[in-house]
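One structure is given here, and the rest of the page talks about it.
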Amino acid sequence: MIRFENVSKTYEGQTKAALLNVNVEIEKGEFVFLVGTSGSGKSTFLRLVLREHRTSKGHIMVAGKDLNRLASWRIPQMRRQIGTVFQDFRLLPNKTVAENVAFALQVIGKPRSHIRKTVPEVLELVGLEGKQDRLPDELSGGEQQRVAIARAFVNRPMILIADEPTGNLDPATSEGIMKLLDRINRTGTTVVMATHDVSIVNQMRKRVIELENGHVVRDESRGVYGYQH
Ligand code: ADP
Ligand code: ADP
């Protein structure tokens with residue numbers, strides 16, 4: 001589903017590479033934790049998959065397509081296949097829960113009948129039935145993250161990218177969010193999650209890819225977070 005072939009990335013004006021000779025293959029349906037200290041290259045890895053940046057060297061294949069060969073006008077279409085969730089939720093503050101989720105379908109031109117049917121279904125999936133008319137600031141952090149996950153998943157993307165999704169949440173709430181991501185993963189969606197959350201990684205026992213100074217230094221199936229940095 002995602003393949004890095006000897007990928008290096010050096011940002012403009014920098015001498016040090018953010019990623020260096022990274023080779024990684026992630027199969028359809030996998031759940032992968034990306035760990036490493038701040039500045040190790042996790043966000044760069046995720047941004048390259050979203051084609052927010054180009055590689056300096058090497059190739060990234062997503063669903064069989066080489067991102068370097070993708071015409072610019074095809075990028076939005078490619079990104080629709082990838083849902084994204086962030087630490088800071090990024091909800092639209094003046095839209096209700098249902099409107100936030102519906103908006104993701106409106107912008108890609110889904111018919112109103114489809115939206116009316118799909119939004120309640122996905123809100124139920126994430127455990128927000130009854131909250132559809134609330135505004136984001138009337139919700140807890142965990143509930144806001146559920147809205148963000150509903151919005152990311154409503155289009156049934158092949159891949160879900162989560163960058164520190166539990167970074168602003170307490171441990172109990174984080175556990176609920178992880179159960180939800182696990183459920184989404186079990187529908188066949190490939191999940192790649194960057195995290196510093198030691199206990200979550202150790203509880204889930206999924207594949208762990210560790211970056212250090214832009215290198216992959218560890219890649220284990222059913223791994224743990226590793227040594228405290
Ligand atoms: P996080 O550690 O939460 O992933 P970021 O990815 O935003 O945070 O930043 C990681 C590191 O990259 C930080 O050290 C930050 O200073 C640096 N950084 C981020 N954006 C830029 C930029 N535009 N120019 C230079 N350094 C940057
Ligand atoms: P992480 O997400 O693991 O914190 P990043 O991928 O953000 O790591 O950063 C990797 C390296 O790339 C760091 O040295 C960081 O300072 C640098 N970096 C990240 N984003 C930028 C940017 N936009 N411009 C220049 N350097 C950046």
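Read the numbers this way: they start at 1 and go in the same order the structure lists the ligands and their atoms. Quick caveat, the model's predicted, so the values are computed rather than measured.
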*asked:* Residue-level breakdown please: for Leu19 versus ligand 2, do any non-hydrogen atoms fall below 4.0 Å on the side chain, on the backbone, on both, or on neither?
replied: neither
*Quick one: does Thr37 get within less than 4.0 Å of ligand 2, heavy atoms only?*
yes
*Which atoms of ligand 2 have any heavy atom of Ser43 under 4.0 Å away?*
1 (P), 2 (O), 6 (O), 7 (O)
*asked:* Taking 4.0 angstrom as the limit and counting only heavy atoms of Thr44, give me the atoms of ligand 2 inside it, by number and element.
replied: 5 (P), 6 (O), 9 (O), 10 (C)
*Tell me, please, which residues at least two apart from Arg186 pass salt bridge (charged side-chain N to carboxylate O under 4.0 Å, His left out).*
Asp182
*asked:* Whether the Asp197 and Thr166 side chains hold a donor-acceptor pair (N or O, under 3.5 Å, no angle test) is what I'd like checked.
replied: yes
*Give me the ring orientation class for Phe45 and Phe4: parallel if the planes are under 30° apart, tilted from 30 to 60°, perpendicular past 60°.*
parallel
*Decide whether Asn68 and Thr55 meet the rule of one side-chain donor and one side-chain acceptor closer than 3.5 Å.*
yes
_Close-contact set for ligand 2 against Lys42 heavy atoms, below 4.0 Å_ = 1 (P), 2 (O), 3 (O), 4 (O), 6 (O), 8 (O)
*asked:* Yes or no: does Ser40 have any heavy atom under 4.0 Å from an atom of ligand 2?
replied: yes
*Report, in ascending order of atom number, the atoms of ligand 2 lying under 4.0 Å from any heavy atom of Ser38.*
4 (O)
*Are the side chains of Glu220 and Arg218 in touch, meaning some heavy atoms are under 4.5 Å apart?*
yes
*Between His53 and ligand 2, is there a nitrogen or oxygen pair with a distance under 3.5 Å?*
no
_Using the rule side chain to side chain contact (heavy atoms under 4.5 Å, CB included), only one of Leu19, Thr10, Leu211 pairs with Thr44; which is it?_
Leu19
*In terms of atom number and element, which parts of ligand 2 are under 4.0 angstrom from non-hydrogen atoms of Arg47?*
20 (N)
*Is there a nitrogen or oxygen of Ala18 sitting under 3.5 Å from a nitrogen or oxygen of ligand 2?*
no
_Between Asp170 and Thr173, is there a side-chain donor-acceptor contact under 3.5 Å, judged purely by atom types and distance?_
yes
